[in-house]
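Since we're looking at a predicted model, the values are computed, not measured.
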Amino acid sequence: MTLHSTITEPTATVPARTTSNPLLSSWSNEPFHLPPFKSIEPHHFEHAFEIAMASHLDDLRSIAESEDDSFDAILAAYDRAGGELSRVSAVYGNYVSSLNTPQMQEVQSKMAPLLSRHNSKTYNVPGLFEKISRMNEIKKDKVESGEWTSEMGRLAERVYVKFVRMGALLGENEKAEYADIQAELATLQTKFMQNVLKDEEEWELILTSADMEGCPPDAIAAARKAAIDRNKTEDDAHLITLGRSTVEPFLSYASRRDLRKQVFEAFATRGELNEDRDNKKIAVEILRLRKRQAELHGKASFAEYQLEDTMAQTPEAANKLLMDVWVKAKEAANKEREMMETFLKESGECLEGGIQPWDWRYYAEKVRLAKFDFDENEMKPYFSLDSVTEAVFDVSKKLYGLKYLRRPDIVTYHPDVNVYEVRRDKENGEDELVAIFIHDNYARPYKSSGAWMSEYRTQTKNLIPGTDPMQSIPIVSNNNNFAKGSDKTLLSFDDGITLFHEMGHGHHGMLSDCTYEYLASTSVLKDFVELPSQLMEHWLSEPEVLKKHAKHYQTGQVLPDELIKRFKAAQLFNEGFATIEYTSCALLDIAIHSLTEYSEDFDLAQFEKEYLEKMGMPQGIIMRHRPPHFLHLFASSSYAAGYYVYMWAQVLDNDVFAAFKETGNVFDAATAERCRKFIYSSGNTIPPQDLFRMFRGRDPEVKFMLENRGLV
């Protein structure tokens, strides 16, 4: 533990501002006030942060020292405070995820503790918490009298809760320690993330076309293109890297078991491939710091602290849902393995050691073909990236009236990135700008793995009079990691689901209709945030969508009814495997964050092994994200002790989609309007459990989720 630093911040001289820094200059000449991407370089961030952090603290001091104790002078001003920092931070956050070059990583390592220290200071500006606390005390009376709106009351509550959770009620020594913990966590979490990225950048397996035997043509073409992109000069070079969009097709179809094992073991040990970058040690240090953080709040474990401000509220409630699913999923997964073992026996194959993790996907596809006469590769030609993108845009228009106008003239940070105006018709026949949407779909070096939504600007109505109204328009970004094809990029159905999922998050940002940025968009409780995203997934498999958009990329032929029928019949096969992969991660996450002590010799790998054995992990399956590369848990604290939220949200999203199905029309206008209003547009202006009841008229029921996963 580092020595405790003082929190009290003396009045500082604002650093000199330079007009040459594009992060600090006006963006009003850029289209839609987008960042000036073509001018931004990594070295600009440090100076921009220095200026913006000082300006933010000045904003907060002005609020604390003001004699005006009105809502506008305190909470509305707090919501606007640090606008320049928000702008710089948004660009920075997207760059360290999407364009994290070695130069950018140097900046990230330097800035992580400094940004954390600044964040701690913002909750300890003398006199500020007292004003926030007073606002919280009077909110009930103000709302009941009609002087405040309910949204104003909610803002008072949520800002107060955040201050408390950031240590505002602690003594001065404890506040200093808390700031130290946050800074050290920021450094360690950054290092954890960079170690995973480095492993994914460095590891590669050069193969020949013969080594790719069994793989579908698009996977072979993608491997060949990856080799060319990485300057492999051999005529027959094909490259497998550690991106999931490359690894999973190889594991599903490559005939050579030895190569599947080699790829799988590298993929499963990201974050520990190099002993100089061993993330297990970093993760344990993170766990110890989080435990101390929880202790300072009077909690026995970090899980108890983290879940206090969620819909679940307790680790026990989250665990109960996970365990109910776990028992059913184990039965399903074991049946799936038995089906594969029967297939092996009937085909005369003998696998040394039985079905191993590098075999499961391969033989699952063999069984899927034998039992259901379905090969997912039959679907891929109908799922080009272009057609799936058109499909999600069409669904968006039918449900919420959004239209997407591509702007190829707008330059971003990479040539593969597309920018769209998002518009909506008004009642007078004109249309209006709703959002700017940025779509970054391809895997590439220096880009984090996985998929995510982020924002360069969040929707708000709380603008200072005279501000250009463009500043209220959200700029939303979706990032995916699809393997870029040499001709057309073809997606698996799961890839398509990922694209729809992230567009669900995108809708949460684009359709936001809140007064205050603090409550807008995805600023909701963590176990509600995945509802809008997972809900969007349901439309991809709807026959109406498939028949319109699933067209062969070469012939234009519509996906045949007979193929849709076979796809639907096979859809739930291997769902036990997928559920175990996820649920094991969520259960271990809560278990490891529920510990009340991490001894000096605490062994993370041993804990993982013993915990999964105790839980009866089915043979041949491992966690989807093992601890050394579990970015959700250890690259930030956002999803720590909270990975369960995807399952929690599945209960909600399946129930919400059932409301559409019950109308007989999955595009029912009245249901879509309720969904827009209560799921996508309200942000955190209303407690999430109340939003669900407003939409559905009752509390959520788990039966729809279990039915849709084939677990009943």
Side-chain angles (χ1 to χ4, degrees), residues 198-270 272-274 340 343-344 347-370 375-381 383 442-445 447 449 481-495 574 577 620-622 624 626 629:
K198 195 70 174 174
D199 278 357
E200 292 176 347
E201 287 171 10
E202 288 187 353
W203 191 93
E204 55 187 30
L205 180 63
I206 301 175
L207 303 174
T208 65
S209 54
D211 296 328
M212 300 286 293
E213 181 185 358
C215 294
D218 66 292
I220 296 172
R224 176 62 184 150
K225 185 176 188 307
I228 294 170
D229 289 347
R230 293 205 181 189
N231 300 314
K232 308 304 176 186
T233 57
E234 300 90 337
D235 290 341
D236 194 28
H238 292 69
L239 197 68
I240 301 298
T241 62
L242 292 185
R244 190 175 290 276
S245 62
T246 301
V247 168
E248 289 193 350
F250 189 81
L251 295 177
S252 298
Y253 299 107
S255 302
R256 283 186 53 180
R257 193 187 192 204
D258 61 326
L259 294 178
R260 294 200 310 271
K261 179 180 180 182
Q262 188 175 349
V263 171
F264 179 86
E265 289 183 338
F267 187 67
T269 54
R270 287 167 295 149
E272 52 182 334
L273 287 173
N274 186 314
M340 288 186 279
F343 172 84
L344 285 166
S347 61
E349 289 190 60
C350 180
L351 288 183
E352 183 180 350
I355 293 175
Q356 296 297 319
W358 47 89
D359 300 316
W360 191 293
R361 288 178 175 83
Y362 181 76
Y363 286 102
E365 292 308 315
K366 297 288 189 185
V367 171
R368 200 190 308 271
L369 181 60
D375 179 354
E376 189 178 30
N377 290 308
E378 291 183 80
M379 296 270 284
K380 272 193 168 186
F383 280 78
Y442 298 117
R444 60 174 176 269
K447 183 178 180 182
S449 57
N481 266 285
F482 305 133
K484 189 175 183 180
S486 56
D487 181 14
K488 283 282 187 179
T489 295
L490 304 182
L491 306 184
S492 67
F493 182 77
D494 284 348
D495 287 336
N574 217 32
F577 166 83
I621 309 178
I622 72 165
R624 184 171 179 82
R626 290 192 52 250
H629 55 258

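Within a 6.0 Å sphere centred on CD of Glu265, other residues, nucleotides and ligands contribute more than 12 heavy atoms.
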Chi angles and distances behind the side-chain contact (heavy atoms from CB on, under 4.5 Å) call for Ile240, Met212: CA-CA 10 Å; Ile240 301 298; Met212 300 286 293; 4.3 Å; yes
Verdict with reasoning, Gln262 to Trp358, per side-chain contact (heavy atoms from CB on, under 4.5 Å): CA-CA 9 Å; Gln262 188 175 349; Trp358 47 89; over 6 Å; no
Worked verdict on Leu273 versus Leu242 for side-chain contact (heavy atoms from CB on, under 4.5 Å): CA-CA 12 Å; Leu273 287 173; Leu242 292 185; 3.9 Å; yes
Residue pair Arg270, Trp203: steps toward the side-chain contact (heavy atoms from CB on, under 4.5 Å) verdict: CA-CA 9 Å; Arg270 287 167 295 149; Trp203 191 93; over 6 Å; no
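No side-chain heavy atom of Glu248 sits under 4.5 Å from any side-chain heavy atom of Ser492. Looking at heavy atoms from C-beta onward, Glu200 lies out of side-chain contact with His629 at the 4.5 angstrom threshold. Looking only at side-chain heavy atoms (C-beta outward), Tyr362 and Arg257 stay at 4.5 Å or farther from each other. Residues Phe383 and Asp495 have side chains not in contact (no heavy-atom distance under 4.5 Å, counting atoms from C-beta outward). Between Lys198 and Asn274, every side-chain heavy-atom pair lies at or beyond the 4.5 Å cut-off.
Distance check: Thr246 OG1 to Leu239 CG gives 8.5 Å after rounding to the nearest 0.5 Å. Between atom NZ of residue Lys380 and atom CG of residue Asp218 there is a gap of 3.5 Å, rounded to the nearest 0.5 Å. Atom CZ of Arg361 sits about 9.5 Å away from atom CD1 of Ile621, to the nearest 0.5 Å. The distance from the CG atom of Leu259 to the CG atom of Leu251 is 11.0 Å, given to the nearest 0.5 Å. Atoms CG and CG, on Leu369 and Asn377 in that order, are 10.0 Å from each other to the nearest 0.5 Å. Note that CZ of Phe267 is 9.0 Å distant from CD1 of Ile622, once rounded to the nearest 0.5 Å.
A distance-only check finds no donor-acceptor pair linking the side chain of Lys225 to the backbone of Ala483 [under 3.5 Å]. In this structure, the side chain of Glu376 engages the main chain of Phe493 through a donor-acceptor pair within 3.5 Å. Looking only at distances, a side-chain donor or acceptor of Ser255 sits under 3.5 Å from a matching main-chain atom of Glu213. Remark: side-chain polar atoms of Ser245 are paired, donor with acceptor, to backbone N or O of Asn481 under 3.5 angstrom.
Looking at every heavy atom in both residues, Asp211 comes nearest to Leu207 through OD2-CA, 3.5 Å. Heavy-atom minimum distance, Phe250 versus Cys215: CD1-SG, 4.0 Å.
Residues that satisfy the side-chain contact (heavy atoms from CB on, under 4.5 Å) test with Glu349, not counting sequence neighbours, are Phe343, Leu344, Ser347, Tyr363.
Under the 4.0 Å criterion applied to side-chain N and carboxylate O atoms, Glu204 and Lys232 are assigned as salt-bridge partners.
With respect to Asp258, the salt bridge (Lys or Arg N to Asp or Glu O under 4.0 Å) criterion is satisfied by exactly one of Arg256, Arg260, Lys261: Arg256.
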